[in-house]
Protein chains: 2
Amino acid sequence: MTGTSYLSDRRKAILKAVVEEYILNGQPIGSEELLRKYSLGCSSATIRAELAALEEMEYLSHPHTSAGRIPTEQGYRIYVDHLLVLSPVSFQEEEKISQVLNRQAQDLRNILAEACRLVATISTYTSLALAPQANQQVMRHIHFVPVSAKQALVILVTSLKVIQDQFLEVSAEVSEEDLEYLSHYLSRRLLGKTPWQCLQELPVIREEQPARLVSLLNQLSTVLHNVFLYEQSERLIVEGAENLLLASDFRNSFKQRRLADALDRRFLLQDVLDRHLTSRNLQIFIGQENEVVEMHDLTLLAMPFEASRYAYGALGLLGPMRMDYAKGIRLLACVTGVLERALSQEA
Amino acid sequence: MTGTSYLSDRRKAILKAVVEEYILNGQPIGSEELLRKYSLGCSSATIRAELAALEEMEYLSHPHTSAGRIPTEQGYRIYVDHLLVLSPVSFQEEEKISQVLNRQAQDLRNILAEACRLVATISTYTSLALAPQANQQVMRHIHFVPVSAKQALVILVTSLKVIQDQFLEVSAEVSEEDLEYLSHYLSRRLLGKTPWQCLQELPVIREEQPARLVSLLNQLSTVLHNVFLYEQSERLIVEGAENLLLASDFRNSFKQRRLADALDRRFLLQDVLDRHLTSRNLQIFIGQENEVVEMHDLTLLAMPFEASRYAYGALGLLGPMRMDYAKGIRLLACVTGVLERALSQEA
DNA sequence: GGTTGGCACACTCCAGGTGAGAGTGCCAAC
DNA sequence: GTTGGCACTCTCACCTGGAGTGTGCCAACC
């Protein structure tokens, strides 16, 4: 009872109350208010003693002598690890989200962007979506389409519902039949292979083909690189940055700018998310637990999802440390659930 | 010289100096400072008299008795209409922008998004890009592609470099040959037609086709609607909203929120831009000249561009009234120039 | 021993006051 | 028409005092 690590039930209740009250109102909370709103079965003096003990344990802190208590990062940590009660996702919620996302069969990028926007809107915070890595997909379809005398369109579809289409320049010597022939030929050679394997295969194929098709194959190689580079570098989608930037308890203009810049540096965020995606469970990064310095006073919830076999992406929610964890986690669980079902439909 | 509308050369010089100084520093400017920084050939007392006259004419205003002058909206108006000197766009600039935008032949949406991002980044304000209306394009290509046993991909390409691809569900009865056949058949019937004409044609075509293809044609109709609805509703791209929201001279949190919301209501903005796009020249909306209330203390520069014959889009720059007009206008001119060249390449 | 009411103390926050600084407007002189 | 001089006005930054709030401690109690 007197130790610094063991938490009596009453202390747990008080800690929980402080955290939830602070999440709700964003105001430091004192012993009297706690007494009034929660039936803790003791007087305010006792609560004060307990609050002092919780502060001693570094779960709570004092903005100044005469303000109430607010949770520390460690306080939030105890809260999410031990005190948070998650109610299951309701059918209505899931149904509603499902309807929004499944409006029409789209490609991965659109689905993710849509999901991201949804999470940002509902949570009123910032949402991140990380697409699975490009090398975890195989080529499902490849087709050249004549568009004009000078241009053709190449369309690649992968197992991850990624559609990549790009205009190619075609010299006058290349006929429509050539394009048709190349479509079939490349299909035979490349389908079922990863983009990386395709890239390795291309030089071999180039050898076997007539000279007039070489330029086309070179351009295809660029497109395949794009599947890596572009999709790779643009794997991260961020929505609702303004929600966070305009949040009322975040009025430090310098920090705002820094955060805005950090959210723009997609590479960095992407890299961090990737490295933490080894676990297949929800991950919570509170304050300084975030690698990115600009997020040191924010919380990131990151929920992985399986886009297809062995291909994992993640959906994230970035908000203030005093975000509504229960709601956030439920929202992510709900959306990733819908996402997994939408993506698992054989493409 | 004493009238309220005629501007002597000295008054012009003073007004210009006040506007440019205010654009530069964002601080009200007084007679002494004006004297120090600009060689106006008279004393500060004379300048004060002129400032008073310009205030009388409502080109300048006084935040309070003892502050310097700042331009009124009408002051800015005079400035952009008569006092602003535009230097031509340099080759380096144009070349640099051209390189960024022409990295690879992309579809309209990507090019516009890229251009928009570029303008936002360079200007450090907010950039808008409005794609041409969907009915100003004709179908250039239509193709069904079998992707799996249950799914096909339909690809539409229009004269505006718009690529629309979407997964369709295919019943077991439909063979790959059917898809091939349908691609050719629909090409014959629909190419060269506007999306709207295509939509009208579809019911007719449906009558002529075997029953097992009806579902496919219905889904195609949905896709075509999307060319209208989606492309129509998402014609506006906004980039760099955070630049404006975090701008230091814009610290009213209520207004920030309102502006953020307004920028999210794409329909509204789109509509306004469309209505003003009758002119083919740069348009400048200063403060209350903006229809959208939330922009009443901002300036919008809107530069139309011709995406293809008779199909006009616009590129916009939204910033504070004290934005650098010369730079902004040059930037828009430069980017729309590059854009027109990129899009005019026959798709 | 844990719990309680009482009370002094510490601290913030807001309102009101003060003085420096800046820029004007006016006026008389040129 | 232009100029220097000067009183006036207003903001901004700083300080100050009082109300309010919540704590920490203590002695008394169960």
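Naming: A, B, ... by sequence-line order, numbering from 1 per chain. On a predicted model such as this, the values are computed, not experimentally measured, just so you know.
Side chains of Glu289(B) and His296(B): no donor on one and acceptor on the other come within 3.5 Å.
We find that CG of Leu34(B) is positioned 17 Å from P of dA22(C), with the value rounded to whole Å. Rounded to a whole Å, the CD1 atom of Ile47(B) is 17 Å from the C1' atom of dC26(C). For the pair Leu40(A) CG and dG2(C) C1', the computed distance is 16 Å after rounding to whole Å. Regarding Arg10(B), its CZ atom lies at a distance of 12 Å from the C1' atom of dT3(D), rounded to whole Å. Here the P atom of nucleotide dC25(D) and the CD atom of Glu56(A) are 12 Å apart, to the nearest Å. In this structure, Gln27(B) places its CD atom 14 Å from C1' of dG23(C), rounding to the nearest Å.
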(request) Treat primed atoms plus P, OP1 and OP2 as sugar-phosphate and everything else as base, then score nucleotides 8-24 of chain D 5' to 3': B for base contact with protein heavy atoms under 4.0 Å, S for sugar-phosphate contact only, - for none. (result) -BBS---------BBBB

(request) Assess whether salt bridge (Lys or Arg N to Asp or Glu O under 4.0 Å) is satisfied between Glu242(A) and Arg257(B), documenting all intermediate values. (result) CA-CA 9 Å; Glu242(A) 69 279 9; Arg257(B) 248 285 55 106; 5.5 Å; no

(message) Apply salt bridge (Lys or Arg N to Asp or Glu O under 4.0 Å) to residues Glu32(B) and Arg36(B) and explain how you reach the verdict.
(response) CA-CA 6 Å; Glu32(B) 294 283 355; Arg36(B) 219 177 330 111; over 6 Å; no

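Ring geometry for Tyr325(B) against Tyr79(B) counts as perpendicular: the plane angle is over 60°, on a 0 to 90° scale with 30° as the lower cut.
One distance of note links OH of Tyr125(A) with OG1 of Thr299(A); it measures 10.0 Å at 0.5 Å rounding. Taking OG of Ser90(A) as the start and NZ of Lys96(A) as the end, the distance is 10.0 Å to the nearest 0.5 Å.
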(message) For DNA chain C, please output the secondary structure as dot-bracket, reading 5' to 3'. Pairs are Watson-Crick or G-U wobble, both atom distances under 3.5 Å; mark crossing pairs with [ ], other-strand partners with |, unpaired with a dot.
(response) ||||||||||||||||||||||||||||||

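Using a cut-off of 4.0 Å between Lys/Arg side-chain N and Asp/Glu carboxylate O, Glu55(A) and Arg48(A) are scored as not salt-bridged. Residues Asp271(B) and Arg275(B) are paired through a salt bridge, judged by an N-O separation under 4.0 Å between the basic side chain and the carboxylate.
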